[in-house]
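A quick write-up on the structure given underneath.
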Amino acid sequence: TNNPKAVIVIFGATGDLANRKLYPSIYRLYRNGKLSDNFAVIGVARRPWTNDVFRDKVKESIDNFDDPHIDKDEFASHFHYNPFDIQDLEHYQELEALIKELDGKHETDGNRLFYFSMAPNFFGTLAANLKSEGLTTTQGWTRLVIEKPFGHDYQSAKELNDQIREAFSEDQIYRIDHYLGKEMVQNIEVIRFANALFEPLWNNQYISNIQITSSEVLGVEERGRYYDGAGALKDMVQNHMLQMLALIAMDPPIKLTPEEIRGEKVKVLRALRKLNENEVDDYFVRGQYDKGMVNGEELPAYREGNGVDPESNTDTFVAAKLMIDNFRWAGVPFYIRTGKRMKRKSTEIVVEFKDLPMNLYYDKEHETKSNLLVIHVQPDEGITLHVNAKKGDYNASSTPITLSYDNNSEDKMNTPEAYETLLHDCMRGDSTNFTHWDEVALSWQFVDVIANAWSKKKADFPNYTSGSNGPEEADLLLNKDGFEWWDVK
Ligand code: BG6
């Protein structure tokens, strides 16, 4: 078969991400026949677990899958545990021996996938030691998957990247942005480049503004210690939001290769209007949630959370107006918005088309609405086109109607999970849906200016109620341009 063969080595195997995302994703690939029998997983972490303990944890993580024809013990038998101290070079030799043994046993052709799913301050040491101890040299391929956060500003990201590049070349490095694994984010390109309908209108002649919202209902929960040093700008905007923006705004690539697509995305990031620190307030709004009622329950403010500074100046909400200064987009605002403890969990992209120069059907009673193309990323997956049509009445007046495609109802059970597709892509050597260093660098350089401006001025926090749509300033940001957020649900 063409299915990938590899020994997958997961550093941080006892962690939350491995449990919640990685093991279930490997299971789904296995169940869906996307993984050959030629695979093994080595869990690496500090705790002194045995293979049996590890396999039980793996089985627990897939507890809610009920596939009668799959033998979960057989699946779990591919998993091995290797207790490990990153500083201890002898442990690398033991790991090397185990990889070799499993490579022989499962006939994985010498292919190795290292997955760094742990605190990033260890990435440098780990990469360096893997190389010096010979683990990165093999007869098959060697690839590195690396989780966010990739640095906390441009400088730290660059240092991290330099360290990793000592041991792995750029084409061996797969930087995860899990939004790029989402079905509807991948669909942006298909919708844009497989339809004659949209591309001719996809520019400043016909589009008035574009809105990208990713809202969450959950607060920071147990991640206060990490989050309080990050905030929504670094946690969501630098990566997920700017990646979606790049896909929405890029020019058509000449081919669907990773290099060509990336090249076009990079051009968008380069065209992003750079701000001076004193302009930040005109383009960016920050927020932090206060207590409030969510689903009938009174929840505490961000500052009262675990691991959070009681006077924290950290943003849990960001709204911004971004300008892309190129021929296609000059003059078209891209509004982005993301936050925790908002009204609903949803990621949506709204493309608002300009109104006709003269609309014969405009009347106060049946107001004609602007045409919208809405891409629903989650929880619903689909697209909706908002158009105007005749209302079934005695008048020749128009009324807004919607044309919808709902991916959930079509194929709900089979939509792959983000991590599942990304792991599969990496094992096949397809880096299209991973972020290249150039993208990471440009995103941080853009975001750093905002972060610096904010760090110099204490915000008036908290400024939005839990369960709301964020601070009022986020609405004003659009209102002053004559627009408003489309709450299309
Ligand atoms: C992660 C952030 O990258 O994305 C989290 O660190 C955030 O803070 C999450 O909750 C959102 O992802 P999703 O897939 O639930 O929209």
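Both counts, for ligands and for their atoms, begin at 1 and track the order of listing. Everything numeric in this text was worked out from a predicted model, so none of it was measured.
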Could R328 and E199 be called an ion pair, given the rule that one side-chain N must be under 4.0 Å from one carboxylate O?
yes
Does the pair K234/D153 count as a salt bridge with the N-to-O cut at 4.0 Å?
no
Among protein heavy atoms, which lies nearest atom 16 (O) of ligand 1, and at what distance?
Y179 OH, 2.5 Å
What residue and atom, counting heavy atoms only, is the protein's closest point to atom 3 (O) of ligand 1, and at what distance?
H240 NE2, 2.7 Å
Atom indices of ligand 1 within 4.0 angstrom of K340 heavy atoms, with elements:
5 (C), 7 (C), 8 (O), 10 (O)
Below 4.0 angstrom from a heavy atom of H178, which ligand 1 atoms are there? Numbered from 1 as shown, please.
1 (C), 3 (O), 4 (O), 12 (O), 13 (P), 14 (O)
Closest heavy-atom approach to atom 15 (O) of ligand 1 among K345, Q378, E417 is made by K345
Identify which of K148, E216, K182 has a heavy atom lying nearest to atom 7 (C) of ligand 1.
E216
Does an N or O from D235, backbone or side chain, lie closer than 3.5 Å to an N or O of ligand 1?
yes
F84 ring center near F11 ring center (under 6.0 Å):
yes
Expected output: side-chain S156 to main-chain H152 donor-acceptor under 3.5 Å:
yes
Is there a donor-acceptor pair under 3.5 Å between the side chain of N306 and the backbone N or O of G224?
no
Can you label the angle between the F116 ring and the F123 ring as parallel, tilted or perpendicular, going by 30° and 60°?
tilted
